Amino acid sequence: MQPVTEKSAAGNGLRERKKRATRAALVEAALRIAAEHGAENVTVETVSEAAGVSPRTFFNYFDTRDDVFVMIDAESSARVRRAVREAPPAVPPLEVLRDALAAELAEVEEQHELWALRAEVLHRSPHLLARSLGAHMADELDLADALAARLEHAGPAAGPEADPAQGPGHPDNPAAGAAPPEHPAGTAPVTEDPEVTAAGPEDPAGTAAPPLAGDAQGTPDPCTAGRDGGPGSELYPRLLAAVGAAAVRVAVEHWCARRDRLAFTDVFRRTFDLLAAGLAQPPGAGAD
């Protein structure tokens with residue numbers, strides 16, 4: 001086996017940065033052309049020319065023209081899932097998810113114009129919005145699988161222990177009056193709050209309801225997704241993945257409207273702090 005030297009590691013890092021830069025250039029070119037001329041007038045050739053690459057290079061990053069508008073980075077998603085699986089077992093699942101997502105959102109403040117352009121393009125192109133929703137739902141299911149695998153290997157989180165001889169209704173039992181949880185102890189506020197469970201799949205444009213059935217573009221059917229018996233079919237990891245996606249969307253939208261006076265990292269962490277607190281209404285909840 002070839003040892004990994006500092007030189008080879010640096011080379012790999014440089015290649016990764018170049019790949020990410022090329023992908024970002026293609027996405028930006030497609031969004032700007034679509035915003036100016038309409039998504040229906042965007043071609044692989046015009047996007048490639050604007051980004052300074054060949055059409056062949058375009059297809060190294062995207063399978064179809066429409067995929068450039070989805071902005072799902074398979075490598076970024078894979079890094080999030082890997083971070084979730086490899087985080088120390090003692091770290092609570094919501095905190096693990098927060099840190100994994102934060103690492104991939106480090107450049108949001110420099111990309112706010114592209115987020116706004118993307119929302120504009122999707123508003124004007126319902127078929128692209130449907131495709132984007134489908135891609136995000138599929139990505140969310142993959143994340144749920146990673147969370148489920150982590151939970152399976154990590155075991156229950158540390159929390160107050162109940163006397164096994166005392167039933168749930170016993171006054172000395174910490175879980176008195178509560179139904180047996182379907183999730184690791186210490187995370188019930190995240191899963192049981194009705195406001196959180198009402199959050200749906202990520203809707204980048206913030207206007208469309210999720211599709212009600214699968215379609216020819218590959219949009220998952222929410223009535224059947226996750227029923228294959230796989231690890232991500234359990235309620236808690238599915239809900240946690242969905243809450244994480246919704247938290248990212250809300251944090252970005254909230255920050256975009258206030259970016260002259262708030263840092264995105266502060267908004268993002270505040271969003272997850274509220275989730276960790278079970279969405280209990282904080283003092284001055286109407287303030288920024």
Side-chain angles (χ1 to χ4, degrees), residues 13 16-17 19-21 23-24 27 70-116 118-119 132 135-151 154 157 183-184 186-187 189-191 193 196 199 201-204 206 232 236-279 282 288:
E16 286 302 312
R17 288 195 296 273
K19 286 172 61 179
R20 294 175 73 171
R23 189 182 192 282
V27 169
V70 172
M71 287 180 72
I72 287 286
D73 186 341
E75 293 181 0
S76 174
S77 296
R79 288 192 295 270
V80 169
R81 294 193 296 270
R82 183 166 60 249
V84 164
R85 290 191 297 265
E86 296 178 355
V91 181
L94 185 63
E95 186 176 331
V96 167
L97 181 58
R98 179 201 67 194
D99 292 346
L101 292 170
E104 297 302 319
L105 293 168
E107 299 177 355
V108 161
E109 295 199 15
E110 290 76 34
Q111 297 176 340
H112 67 270
E113 184 184 0
L114 290 183
W115 285 75
R118 178 173 178 252
S132 181
H136 280 87
M137 288 178 68
D139 193 59
E140 189 178 290
L141 290 172
D142 289 341
L143 178 57
D145 282 340
L147 288 163
R150 169 187 169 76
L151 293 169
H183 44 70
T187 57
V190 177
T191 63
D193 189 285
V196 181
E202 181 177 354
D203 177 2
Y236 180 73
R238 286 289 308 281
L239 181 58
L240 186 55
V243 165
V248 170
R249 175 176 58 81
V250 171
V252 169
E253 291 174 354
H254 187 84
W255 170 76
C256 281
R258 301 160 178 82
R259 62 178 182 270
D260 58 330
R261 50 198 169 93
L262 293 175
F264 174 74
T265 52
D266 294 337
V267 174
F268 182 78
R269 289 196 171 271
R270 176 61 174 156
T271 303
F272 273 83
D273 286 346
L274 290 171
L275 290 175
L279 283 184
D288 291 338

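In what follows, every heavy atom counts, from backbone to side chain, and hydrogens, waters and symmetry copies are set aside. Fair warning: this is a prediction, and the values are worked out from it, not measured in the lab.
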Got His254 and Arg270 here, is their nearest side-chain heavy-atom distance under 4.5 Å?
no
How far apart are the closest heavy atoms of Ala100 and Val84, and which atoms are they?
CB-CG2, 4.1 Å
For the backbone of Ala263 and the side chain of Trp255, can you confirm whether one donor and one acceptor N or O come within less than 3.5 Å of each other?
no
Between Val243 and Leu97, does the side-chain contact (heavy atoms from CB on, under 4.5 Å) criterion hold? Intermediate values first, please.
CA-CA 10 Å; Val243 165; Leu97 181 58; over 6 Å; no
Would you mind reporting whether Asp139 and Arg81 have side-chain heavy atoms less than 4.5 Å apart?
yes
Answer whether the closest heavy-atom distance between the side chains of Asp142 and Ser77 falls below 4.5 Å.
no
Measure across Leu275 and Ala247 and return the closest heavy-atom pair with its distance rounded to 0.1 Å.
CD1-CB, 3.9 Å
Give a yes or no on whether a salt bridge exists between Arg79 and Glu104, defined as a side-chain N under 4.0 angstrom from a carboxylate O.
yes
At what distance, to the nearest 0.5 angstrom, does CG of Leu240 lie from CD of Glu140?
10.0 Å
Mind listing the closest non-hydrogen atom pair of Thr271 and Ala251 along with its distance?
OG1-CB, 3.7 Å
Short side-chain to backbone donor-acceptor contact, Arg118 and Val70, under 3.5 Å
yes
Report yes or no: does Arg150 contribute a side-chain atom to a donor-acceptor pair with the main-chain N or O of Ala87 at less than 3.5 Å?
yes
Determine whether Arg269 and Leu274 make a side-chain contact, defined as any pair of heavy atoms from C-beta on separated by less than 4.5 Å.
no
To check you understand the geometry: which heavy-atom pair defines the closest contact between Arg98 and Asp273, and what is its length?
NH1-OD1, 4.5 Å
Salt-bridge test for Glu253 and Arg249: reply yes if a basic N is under 4.0 Å from a carboxylate O, no otherwise.
yes
Could you tell me which non-hydrogen atom of Ala241 sits nearest to which non-hydrogen atom of Ala144, and how far apart they are?
CB-N, 3.8 Å
Is there a side-chain contact between Leu101 and Phe268, using heavy atoms and a 4.5 Å cut-off?
yes
Taking side chain as C-beta onward, heavy atoms only, is Phe272 less than 4.5 Å from Glu95?
no
Are any non-hydrogen side-chain atoms of Phe264 and Cys256 less than 4.5 angstrom apart?
no
Does Arg238 form a side-chain contact (heavy atoms from CB on, under 4.5 Å) with Leu141? I'd like the steps, not just the answer.
CA-CA 7 Å; Arg238 286 289 308 281; Leu141 290 172; 3.2 Å; yes
Less than 4.0 angstrom from a charged side-chain N to a carboxylate O is my criterion; do Glu75 and Arg20 meet it?
no
